[in-house]
2 protein chains.
Amino acid sequence: MGINELMDPSRINWINSPGPDCDIVISSRVRLARNLKDVPFPHLLSESRAREIINEVYDAFRANPVLSRNAELYILDNLSQEQRKMMVEMHLISPDLSASKKGAAIINQDKTLSIMINEEDHLRIQTVFPGLDPEKAYDLASKVDDVLEEKLDFAFDEKIGYLTACPTNVGTGIRASVMMHLPVLTMMNQIGQIFSTITQLGLVVRGLYGEGTQANGNLYQISNQITLGKSEEDIIQNLIGVARQIITSERKARQNLSGEARIRVEDKILRSYGLLTHARLISSEEALAYISDVRLGVDMGIIKNIKPGDVNQLFIITGPAYIQEVSGKTLSPMERDLSRAEFIKQKMMK
Amino acid sequence: MGINELMDPSRINWINSPGPDCDIVISSRVRLARNLKDVPFPHLLSESRAREIINEVYDAFRANPVLSRNAELYILDNLSQEQRKMMVEMHLISPDLSASKKGAAIINQDKTLSIMINEEDHLRIQTVFPGLDPEKAYDLASKVDDVLEEKLDFAFDEKIGYLTACPTNVGTGIRASVMMHLPVLTMMNQIGQIFSTITQLGLVVRGLYGEGTQANGNLYQISNQITLGKSEEDIIQNLIGVARQIITSERKARQNLSGEARIRVEDKILRSYGLLTHARLISSEEALAYISDVRLGVDMGIIKNIKPGDVNQLFIITGPAYIQEVSGKTLSPMERDLSRAEFIKQKMMK
């Protein structure tokens, strides 16, 4: 395994496998925040104590030979800055963890599981599956939670629930999210209205890389805001219900495209396809926008020679750090744009 | 023949045949302004008198069976507005003539000759050849002039020369011009300096469709300003000399492209190629810009599967009136952009 194995996009389950409603929902994610009892929160830990915790968690996880068989521990301090950034681009770790000198992550082979250690909390158990399937993600996260709890003593209060570094995560410690591709609702300026409704239902909308990031590529992460006073089951069912409504709206918006509006959308899709298959230089922002169009084209049957999974791969492997890592040397911004264009062409022409 | 024959771009000599320096000079054009003695200038003519003049000129021309063998007379009033606009787009007649109810044009099969009748002057003998070859164009124009003069009495003053409706054409009545494709000088912002020098040498720069039009597609028409006090020979040699200097500058600018600048130009060229071969909608302005890039790509060896002549055809056959005529029905602007995109794709993919 090692870092090279991480980079193989064909081994990422949520990118390549079909899932429920995967024409619109790219992936479903669950993360559970857990902390060790009577241990200071990570930002107060010494580096050596942080390292001990990493080992304790890894040992506890390996106690289950089935779950841990194809998983590997990555000590972030042993990786280069580019490698850590790349893991963020691939949604394997959070931006916060990538900046930490104390952090680590246990990642399994098909990337359905990533246990972040010493992020804001001691443990962030993260699971991802393709399509609208937060229940499956919760199942795996819950199983891992049980395995770890057999060996580790979690900070838990009978009245409140799990204790976390930030009060917004206290209680269930769960955040369940879906990554949705909503190009037509975005084009038609219907997205603002929908998101304002979502907020009233206790959900939050974020961009591609989580909190504080922009919705590039028409990709939106929708997740629960509240972790306290609701069961995990309720939180997940609420998310699924809202996601289904948005799916219906996006599908309707696509079906309702007709006449001039449809031709303009087709033109946009085909232009993006032409640019991705011909440009010599492509920036990552541009790439996301064009890839979103091509993905829509594939879903609408306008582009026929590319698999949805291959387009999903493009969303991930065109990030600046990924391109840098793949090339194996330090690149100037222009060299990166050159490599990215070359890379996209190869992927689309294959 | 008839209007359908006019529309066949494979029958236009200056588009399809190679000529001197035709990587940069698309065509060379000469026009001679002539008027009939003791006949009012066209704007003062009645329609019936104008018609008589058309017949007189046509008869005079047909007196030479060799020159007139493959030529046809087009009475503009018999053509639709779209057909007349199309002839302007194809550089067969001037915008002024297309708007006239009194005008006609005698056009030969390979489009090297177009005798406009009742434009601003009674006669405008216009000849066009590929590449930098105004001498060849002048030879043919002169031959036609001689043939017509055998039968017609031209308004001529021993001291001044040929008399014309507008004083700027008095004397030789000649305008010699070259249409140059100068994309890299334009990109590098060197074109302004060059054109200011040209003006000092008694030459004028115009856009694609002559006086008052913009230089779309990086195509520039350079012609003599003065028709009086200089021989036809001098006027033509002056134009050739200046054109050669501009050719050298554009070629040098292309050769000097290196490093980042070259990559950016290649990117521009390949993006335009990608857009022309994929877009569903293309406006005529956009088309000209992209076709210019593709033409540069062909000249620089970056695009290998298209002939320069085919790119030249695209410059002409993407005009709004041409697209309208080819489709055979009235099109909305969007339908025209759809047809144009389809048309370009077919041409480039063949």
Side-chain angles (χ1 to χ4, degrees), chain A residues 187 257-287 289-291 293-298 300-306 314 323 327 331-349, chain B residues 187 257-287 289-291 293-298 300-306 314 323 327 331-349:
Chain A
M187 273 179 226
L257 282 175
S258 64
E260 291 211 3
R262 190 181 169 89
I263 292 173
R264 293 209 185 281
V265 168
E266 287 178 5
D267 182 52
K268 193 165 185 282
I269 289 167
L270 291 167
R271 281 172 179 247
S272 291
Y273 181 86
L275 287 170
L276 286 177
T277 50
H278 288 85
R280 276 216 70 188
L281 295 169
I282 302 184
S283 73
S284 54
E285 265 189 35
E286 245 196 322
Y290 300 156
I291 294 165
D293 290 337
V294 167
R295 174 67 216 246
L296 177 62
V298 170
M300 289 176 73
I302 295 165
I303 296 172
K304 296 204 166 72
N305 53 347
I306 308 181
L314 286 177
I323 294 292
S327 81
L331 301 174
S332 71
M334 190 191 222
E335 286 170 329
R336 220 152 47 204
D337 289 353
L338 269 173
S339 297
R340 181 178 296 110
E342 200 44 53
F343 209 54
I344 292 172
K345 238 175 280 181
Q346 279 172 18
K347 199 90 199 166
M348 293 187 68
M349 295 304 200
Chain B
M187 272 180 227
L257 283 175
S258 63
E260 290 211 3
R262 191 181 168 90
I263 292 174
R264 292 207 186 283
V265 169
E266 287 178 6
D267 182 51
K268 192 165 185 285
I269 289 167
L270 291 168
R271 281 172 180 248
S272 292
Y273 181 87
L275 288 169
L276 287 177
T277 49
H278 289 85
R280 278 217 70 188
L281 295 168
I282 301 184
S283 73
S284 54
E285 268 190 33
E286 245 197 322
Y290 299 156
I291 293 164
D293 290 337
V294 167
R295 174 68 215 245
L296 177 62
V298 170
M300 288 176 74
I302 294 165
I303 296 172
K304 297 204 165 71
N305 52 345
I306 308 180
L314 286 177
I323 294 292
S327 81
L331 301 174
S332 71
M334 191 191 222
E335 287 171 329
R336 218 151 50 202
D337 290 353
L338 268 175
S339 298
R340 180 178 297 109
E342 201 44 53
F343 210 53
I344 292 173
K345 237 175 283 183
Q346 279 171 17
K347 200 88 197 166
M348 293 188 67
M349 295 305 201

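Basis for what follows: all heavy atoms, side chains included, without hydrogens, waters or symmetry-related copies. Chain letters run A, B, ... following the sequence lines, proteins first, then strands; residues in each count from 1.
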Taking atom CZ of B:Arg280 and atom CZ of A:Arg262, what is their separation to the nearest 0.5 Å?
9.0 Å
How long is the straight-line distance from CD1 of A:Ile323 back to CG of A:Leu331, given to the nearest 0.5 Å?
8.5 Å
Ion pair A:Asp267/A:Arg264, N-O distance below 4.0 Å
no
Which bit of B:Ile282 is near chain A, if near means a heavy-atom gap under 4.5 Å: side chain, backbone, both or neither?
both
Highest number of heavy-atom pairs under 4.5 Å with chain A among B:Ile269, B:Leu275, B:Thr277 belongs to B:Leu275
Can you find a heavy atom in the side chain of A:Val265 that is under 4.5 Å from one in the side chain of A:Ile302?
no
Can you tell which of A:Glu266, A:His278, A:Lys268 has the highest number of heavy-atom pairs within less than 4.5 Å of chain B?
A:His278
